Amino acid sequence: MRKTALFLALLFAAPMAQADNQYWAIAPGYSKVESGPGDDLEFFTLSALYGYELHPHLGIEGRVGTTLVREELDADHKYSVDFFGSAFVRINVLSEDVRPYVLLGGTYAKAVASGPLVSGSDEESDFSWGVGVSLHVRQHGFHLEYIRYLDKSDFEFNGINLGYTGRF
């Protein structure tokens, strides 16, 4: 977690002199936590990101997100991912208006469960990866992506995001 926090702090301290290399995005999405047969949790998420292009084919991104609504498995138990933060290296396959890309990095997440039999929180971190495509028109763009946030032996947390991207 400390390494991720340090990376994000350095990411946001990027020089303002090259503002044309910076971008931000807001992305609603659909996420799923798969923990076994019949135990899948589905969430609507909202994430925000800040990125800096070091080169037309290489950039770094910091992301934060949360679930919008708690998932109910039954009438008494509710689950949510209260926070997830990611730091990625973004590799743009093309640098034109249509940009397929690959994300490689790490994610830290905090999940919360509440109910009469189960109550508490759990924190996890893991290597993360994703693929996506973005379409840019001048200072504006849209992106569609799939990200595997966490892949542990007993569960997986992945998501699909569709977002708006703006440039500074």
Side-chain angles (χ1 to χ4, degrees), residues 1-14 22-52 59-91 101-135 140-166:
M1 174 56 193
R2 290 182 191 152
K3 292 179 185 177
T4 302
L6 178 61
F7 180 79
L8 290 173
L10 292 174
L11 176 69
F12 288 108
Q22 300 178 46
Y23 58 94
W24 61 273
I26 187 91
Y30 166 81
S31 293
K32 190 174 194 178
V33 175
E34 300 173 8
S35 59
D39 293 334
D40 295 347
L41 300 171
E42 298 175 350
F43 301 103
F44 288 107
T45 59
L46 183 63
S47 57
L49 71 88
Y50 168 80
Y52 184 79
I60 53 177
E61 290 183 2
R63 297 172 178 234
V64 294
T66 187
T67 54
L68 298 175
V69 178
R70 289 182 169 217
E71 173 74 13
E72 296 182 21
L73 282 181
D74 55 44
D76 296 328
H77 295 88
K78 295 181 181 182
Y79 301 89
S80 69
V81 179
D82 275 359
F83 168 82
F84 57 95
S86 303
F88 290 113
V89 171
R90 177 176 167 152
I91 303 166
Y101 59 88
V102 175
L103 298 169
L104 301 171
T107 297
Y108 167 82
K110 180 180 178 184
V112 175
S114 63
L117 301 176
V118 177
S119 185
S121 65
D122 190 19
E123 300 174 5
E124 292 288 344
S125 61
D126 198 10
F127 172 78
S128 303
W129 60 271
V131 294
V133 63
S134 60
L135 172 65
H140 307 282
F142 294 95
H143 66 272
L144 175 66
E145 61 193 10
Y146 168 83
I147 299 176
R148 173 70 54 95
Y149 295 106
L150 301 171
D151 189 2
K152 298 292 188 175
S153 60
D154 54 345
F155 73 93
E156 295 176 355
F157 174 38
N158 50 52
I160 297 173
N161 300 319
L162 175 63
Y164 169 79
T165 306

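Predicted model only: the values in this text are computed from it and were never measured. We use all heavy atoms of the structure for the numbers below, so side chains are in, but hydrogens, waters and symmetry mates are not.
For the atom pair Leu41 CG and Lys32 NZ, the distance stands at 10.0 Å (nearest 0.5 Å). Put simply, CG on Leu144 and CG on Asn161 are 8.5 Å apart, with the number rounded to the nearest 0.5 Å. With values rounded to the nearest 0.5 angstrom, Ser31 atom OG is found 11.0 Å from Glu34 atom CD. Atom-to-atom distance recorded for Ile60:CD1 and Arg90:CZ is 12.5 Å, nearest 0.5 angstrom. Atom CD1 of residue Ile147 and atom CZ of residue Phe157 lie 9.5 Å apart, to the nearest 0.5 angstrom. Expressed to the nearest 0.5 Å, how far OG1 of Thr45 lies from CG of Leu68 amounts to 6.5 Å.
A donor-acceptor pair under 3.5 Å is absent between the side-chain atoms of Thr107 and the main chain of Leu150, judged by distance alone.
Considering all non-hydrogen atoms of both residues, Gly51 and Leu49 come closest at N-CD1, 4.2 Å. The two residues Trp129 and Phe88 come nearest to each other via the heavy atoms N-CE2, 4.4 Å. For the residue pair Ala25 and His143, the shortest heavy atom distance occurs at CB-CE1, 3.7 Å.
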Set out, in order, the CA-CA distance, both residues' side-chain angles and the distance that settles side-chain contact (heavy atoms from CB on, under 4.5 Å) for Asp151 and Phe127, then state yes or no. CA-CA 8 Å; Asp151 189 2; Phe127 172 78; over 6 Å; no
Would Arg63 and Ser128 count as a side-chain hydrogen bond (donor to acceptor under 3.5 Å, both in side chains) here? Give the steps. CA-CA 12 Å; Arg63 297 172 178 234; Ser128 303; over 6 Å; no
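Residue-environment remark: OH (Tyr164) exceeds the threshold of 12 foreign heavy atoms within 6.0 Å.
Just one of Tyr149, Tyr108, Phe43 meets the ring-ring contact (aromatic ring centres under 6.0 Å, His included) condition when paired with Phe84; it is Tyr149.
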